[in-house]
Amino acid sequence: MKDMNQRISGAEALVRSLLEEHADTVFGYPGGAILPVYDKLYDFTDRLRHILVRHEQGAVHAAQGYARVSGRTGVVIVTSGPGAANVITGLSDAMADSTPLVVVTGQVGRQYLGSDAFQETDVVGITQPITKWAHQVRRAEDIPAAVARAFYIASTGRPGPVVLDIAKDAQIGMLDWHYEPVNFIRSYNPRPNIDREALRRAAEMINKAERPLLLAGQGITISDAGESLGRLVEKAMIPVGCTLLGLSSLPSSHPMLKGMLGMHGNLGLNINTNRADVIIAVGMRFDDRVTGNTATYAPNAKIIHIDIDPSEFDKTVRSTIAINADAREALDELLPMIEKADRAAWAESFDRHNAVERDVVFTNELKRPKGSKLTMGEVISRVSEATGHRAVAVTDVGQNQMMSARYFRFTDPRSFITSGGLGTMGFGLPASIGAKIAAPERTVCLFCGDGGFQMTIQELGTIMEYGVGVKMVILNNNFLGNVRQWQNLFFNRRFSQTPMLNPDFIKIASAYGIDGEDVVNREDLAGAIDRMLADDRPYLLNVQIDETDMVFPMTPAGQPVDHVLLSPDNYYTPDNY
């Protein structure tokens, strides 16, 4: 309790409340219904940095990038009506990917609520289905408690976005300043007690297993459980597969990490998922892109599912043992119960399948003949090598995303930032801004398609204004590449509305004061990457990519996870390996 008995406005109370929650950066865009707050922000610029984005969607994605790299709660402030409506995509994305955000929207005064006043929208009604909590504040004296509650809900349990819709007269009204952090809400249990009997049964099942497989989701990163995961799988020699959002929870070089799961995952994991006798799923939700056809998924495996959110249990895949717990706490409790084991033969079986993948897929992607067009994989791989595999990789959505997941390598945690559950094109550029602001000491590399880059291209203005040193790589194939791939494979090569006539991206970047260059030839790539990484200023590479380049392996939608395309006409299935 600080600064008791001070009479201040609701707007000032909001700013002070953010500072009480240790916020240091806010992403936003002003407007009429939030002007009292922006006026007060003017008095706190030495303590609370405001990043003026160029579109409200960009504010939310930037806050997501900030939150995912830092592990802190991202903060957004926008106005009412269209400003509030423009955050909907970002809120949906944050909800799907368990990203902690507090989004403050301005609202018309109480006397105008429900009257279709200028720039009024039902923010709470719109956002309730896509947030952990959405609440309208109508009185100045309720602002501090609402902020405290919002941060607690956003950051605890399974994290997610929270919306505070603050009426204009609440911002203007006066209150006696008092702030009390929230650490308990009745009926909300973000940190469940671990069922130790269930853990004991899980340990017994793991110890008896001949072919266990651990699936690492983003819950590992959220709970900082990477080291705990490493100790467990090393002790018991359990192969690990990461979901898309679980990437970087273990270093890419870890001997038990066998790659990424799912539709464009590594061959050994997808084949051996259906050979495993025990699957330990930690902090993941059995997304359809991971499981393929659930009717044929892991038919021989008993499932141990560990997750902080009990609503995920048995939603898609039936579990044998469900443990409602924080990932790190569960792994730390489990470790002493796990017996040391030698499962070298099982672990090596993943490598044998992955060797086929290297021979067929990697060779085609990374070792093209001289004079052939550049591929996405070789560009991403070269950038990863040039950064010593220590950079933060941020992606947009599509082929650029899948190729980054496959060819970028990770050394440190919180190094892969992408839109997973919602698959939001336009996510990458603003998210990379937030990532760099959260970790200015780290190299942040953005990989984008030419389509996704143009969806939020205006955020080059944010980079210009604040000098955010993001390294941007457009993998430019003059197509909506991922849709083109599906049209190629499943729609008789009828490329309906996927070719794109693109602008001169380097000239656009130059107009924003950002250096860059076009790369067409393979022999020019290494030098261009060196120039991009030479200092900490923003830089754009527009790399011309072979438009026929496709992401393989691929498990087609609806197929068993172990029916894998290595090329358009090469199925690697249980019947032919």
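Keep in mind it's a predicted model, so treat the numbers as computed, not measured. Quick note: numbers below take in every heavy atom, side chains included, and nothing from hydrogens, waters or symmetry partners.
For an aromatic pair to be called close, the ring centres must be under 6.0 Å apart, and His305 with Phe286 satisfies this. Aromatic pair Phe505/Phe453: ring centres closer than 6.0 Å. In this structure, the ring of Phe27 has its center no less than 6.0 angstrom from the ring center of His61.
Within 6.0 Å of CZ in Arg414 there are more than 12 heavy atoms belonging to other residues, nucleotides or ligands. For Arg537, the CZ atom is loosely surrounded, since the number of other residues' heavy atoms within 6.0 Å does not exceed 12. Within 6.0 Å of atom CD in Glu385, more than 12 heavy atoms from other residues, nucleotides or ligands are found, so the atom counts as buried in its surroundings.
Interatomic distance, CG of Leu475 versus CG of Asp450, reported as 9.0 Å (0.5 Å rounding). Taking CD1 from Ile508 and CG from Asn542, the interatomic distance works out to 10.0 Å, rounded to the nearest 0.5 Å. For the atom pair CD1 (Ile77) and CG (Leu18), the distance works out to 5.5 Å, reported to the nearest 0.5 Å. Going from atom CE of Met425 over to atom CE of Met455 covers 4.0 Å, rounded to the nearest 0.5 Å. Taking CG of Leu566 as the start and CG of Leu267 as the end, the distance is 5.5 Å to the nearest 0.5 Å. Leu422 contributes atom CG, which lies 5.5 Å from atom OG of Ser92 (distance to the nearest 0.5 angstrom).
With hydrogens and angles left out, the side-chain atoms of His389 and Thr411 include no donor and acceptor closer than 3.5 Å. Using modelled atom types and a 3.5 Å distance limit, the side chains of Glu465 and Thr462 yield no donor-acceptor pair. A donor atom on one side chain and an acceptor atom on the other are not found under 3.5 Å apart for Ser248 and Ser415.
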Run the numbers on Arg406 and Glu357 for salt bridge (charged side-chain N to carboxylate O under 4.0 Å, His left out), then give the verdict.
CA-CA 12 Å; Arg406 290 180 50 76; Glu357 180 182 343; 2.7 Å; yes

What verdict does the side-chain hydrogen bond (donor to acceptor under 3.5 Å, both in side chains) test give for Asn477 and Glu547, after you've listed the backbone C-alpha separation in whole Å, the side-chain angles of each residue and the deciding distance to 0.1 Å?
CA-CA 5 Å; Asn477 55 15; Glu547 68 275 6; over 6 Å; no

Where do Val69 and Ile417 land on the side chain to side chain contact (heavy atoms under 4.5 Å, CB included) test, with the steps shown first?
CA-CA 8 Å; Val69 168; Ile417 312 301; 3.8 Å; yes

Passes salt bridge (charged side-chain N to carboxylate O under 4.0 Å, His left out), Glu378 versus Lys367? Steps please.
CA-CA 8 Å; Glu378 67 178 310; Lys367 297 180 180 179; over 6 Å; no

Leu215 and Ile279: CA distance, side-chain angles, deciding distance, side chain to side chain contact (heavy atoms under 4.5 Å, CB included) verdict
CA-CA 7 Å; Leu215 313 183; Ile279 286 179; 3.6 Å; yes

Would you check, one step at a time, whether the test salt bridge (charged side-chain N to carboxylate O under 4.0 Å, His left out) holds for Arg328 with Glu227?
CA-CA 9 Å; Arg328 185 172 62 180; Glu227 291 186 5; over 6 Å; no

Check step by step if salt bridge (charged side-chain N to carboxylate O under 4.0 Å, His left out) holds for Arg531 and Asp515.
CA-CA 10 Å; Arg531 288 186 288 276; Asp515 290 336; over 6 Å; no

Apply the test side-chain hydrogen bond (donor to acceptor under 3.5 Å, both in side chains) to residues Asp549 and Thr375: give CA-CA distance (whole Å), side-chain angles for both, the deciding distance (0.1 Å), then the verdict.
CA-CA 6 Å; Asp549 194 14; Thr375 66; 4.5 Å; no

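When every heavy atom of Val468 is checked against every heavy atom of Ile433, the shortest pair comes out as CG1-O, 4.0 Å. For the residue pair Gly420 and Leu244, the shortest heavy atom distance occurs at CA-CD2, 4.2 Å. When all heavy atoms are compared, the tightest approach of Leu480 to Gly451 is CD2-CA, 4.0 Å. Minimum heavy-atom separation, Val360 to Asn364: O-CB, 3.6 Å. When every heavy atom of Thr131 is checked against every heavy atom of Pro161, the shortest pair comes out as CB-O, 3.4 Å. The two atoms that bring Ser155 and Thr73 nearest to each other are CB-OG1, 3.6 Å, heavy atoms only.
Distance alone, capped at 3.5 Å, places no donor-acceptor pair between the Lys258 side chain and the Asn266 backbone. At least one donor-acceptor pair closer than 3.5 Å links the side chain of Glu365 to the backbone N or O of Met376. Not one N or O on the side chain of Tyr29 forms a donor-acceptor pair closer than 3.5 Å with the backbone of His55. A donor-acceptor contact shorter than 3.5 Å is absent between the side chain of Arg72 and the backbone of Pro100. Side-chain atoms of Glu459 come within 3.5 Å of backbone N or O of Arg54 as a donor-acceptor pair. No side-chain donor-acceptor contact under 3.5 Å links Asp97 to the backbone of Thr99. In this structure, Asp287 contributes its side chain and Arg289 its backbone to a donor-acceptor pair below 3.5 Å. Without hydrogens or angle criteria, Thr243 side chain to Gly246 main chain gives a donor-acceptor distance under 3.5 Å. Under a 3.5 Å cut-off, the side chain of Thr443 and the backbone N or O of Ala391 do not form any donor-acceptor pair. One N or O on the side chain of Asn400 and one on the backbone of Asp396 form a donor-acceptor pair closer than 3.5 Å.
Each of Val394, Thr89, Asp93 was checked for a side-chain contact (heavy atoms from CB on, under 4.5 Å) with Ser419, and the lone residue meeting it is Asp93. For the pairing with Val233, the side-chain contact (heavy atoms from CB on, under 4.5 Å) check across Val240, Leu331, Ile280, Leu257 returns one residue only, Val240. Only one option out of Arg484, His264, Gln485 pairs with Gln399 in a side-chain hydrogen bond (donor to acceptor under 3.5 Å, both in side chains); it is Gln485. Residue Phe416 forms a ring pair (Phe, Tyr, Trp, His ring centres under 6.0 Å) with just one option from Phe410, Phe408, Tyr407, and that option is Phe410. Each of Lys373, Arg522, Arg368 was scored for a salt bridge (Lys or Arg N to Asp or Glu O under 4.0 Å) with Asp546, with one residue passing: Arg368.
A salt bridge is absent between Asp24 and Arg49: the closest approach of a Lys/Arg side-chain nitrogen to an acidic carboxylate oxygen does not fall below 4.0 angstrom. With respect to Asp536 and Lys436, a salt bridge is recorded, a charged nitrogen being found less than 4.0 Å from a carboxylate O.
The closest side-chain heavy-atom distance from Thr387 to Cys445 is below 4.5 Å. Residues Val543 and Asn476 have side chains not in contact (no heavy-atom distance under 4.5 Å, counting atoms from C-beta outward). Looking only at side-chain heavy atoms (C-beta outward), Ile222 and Ser98 come within less than 4.5 Å of each other. Proximity of Ile463 to Leu429: side-chain heavy atoms (C-beta onward) are separated by under 4.5 Å at one or more points. In this structure, Leu101 and Gln64 have side chains that are in contact, with non-hydrogen atoms separated by less than 4.5 Å.
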